[in-house]
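Structure incoming, see below.
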Amino acid sequence: MKYELDTIPVWDALRAETECALCLLERRSRNNALRYFLGPAVMAPEVRVQTNQRGFAPHNLRLLAKDQNKLGLALLAHTRLKTLRAHLAARSAKLENLASKVSTKTGPGAAWASKPVVATQAREFANYLRQQEKDCLIDEKVGNDLERYCYTVLQLWKEDPDFRRTWEAGKGLCLHHMPSVLEMAAAVLDARRLGEFLVGFLALQNTNLARVENDLLGFTQTFDSTHSREITGNTVAALNRALQKTSGEFQEYQEESKARRGPLLGAH
Ligand SMILES: [Zn+2]
């Protein structure tokens, strides 16, 4: 697969010195996608064809619902629901037909109606609904952006000594985003560079995981009267840093900090 370089946002995210540059890039990418789908795209027929056929995952819909553009979301949701209901109608009718036969044991085909037949159809219906929930246009955009950013990280690491120094002096990545970089490194680096990158990256990750673990221990000890740890801003923030390091940035935290600064989908 061919990827494009996108160096400016990657450099900006690394210079921000957060616990994970990809968390920051993912947040920006998601906010761009949220703005896109509630912006002029709402009235674009080609976009509506897409949003009618494929919706948004619940975690993205929750963020869209917090935006002030209620009419935009209502228009999207209305035609999506209309399309979805048309797709559901045939499946629903088939399941209902089988269910009524097995429940009453009367009517055409009732003799062969059995629980396994109905159960299989019910599971297929459930799978279809689950698939609709997972097939998300916003997650697809964010996923494509993240692949491009991972590719850019590795190209910059390979080509730009200044980037390599900044990367190696940084705080590494969270464990949620680490797999994406490992996979991209395996895909795009030659043997020698892959080895070199992995040695440095694993050491960087170990150093920074040990740091947040140690800071977290310090935070827990501030609750223990036998320790006289001083409570500082650094100690209080240790829990959030550790949670981000293990699981990626929590959108709730960002929403709260954004709420203090201004509109949810405001510019970053
Ligand atoms: Zn991350």
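We count ligands from 1, going down the list as the structure has it; atoms in each ligand are counted the same way.
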* Can you list the residues that meet the ring pair (Phe, Tyr, Trp, His ring centres under 6.0 Å) rule with Tyr149, with sequence neighbours excluded? ->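 With neighbours one apart ignored, the set is empty.
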* Asked: Under 2.8 Å from the Zn ion (ligand 1), which protein atoms of type N, O or S occur, listed by chain and number?
  -> Cys20 SG, Cys23 SG, Cys174 SG, His177 ND1
* **Selection residues 149-176 - residue pairs positive for salt bridge (charged side-chain N to carboxylate O under 4.0 Å, His left out), sequence neighbours left out** =>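 Those involving residues 149-176 are Asp162-Arg165, Arg164-Glu196.
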* To do: Using the side-chain hydrogen bond (donor to acceptor under 3.5 Å, both in side chains) rule, collect all pairs that involve residues 7-21, keeping only residues at least two apart or in two chains.
  => Glu19-Arg211, Glu19-Lys245
* To do: Could you tell me which non-hydrogen atom of Leu204 sits nearest to which non-hydrogen atom of Gly170, and how far apart they are?
  =>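 It is CD1-O, 3.3 Å.
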* Would you call the rings of Phe223 and Phe219 parallel, tilted or perpendicular, where under 30° means parallel and over 60° means perpendicular? -> perpendicular
* **Pair Asn52, Thr79: side-chain N/O donor-acceptor within cut-off below 3.5 Å** =>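 Looking only at side-chain atoms, Thr79 and Asn52 do form a donor-acceptor pair, the distance falling under 3.5 Å.
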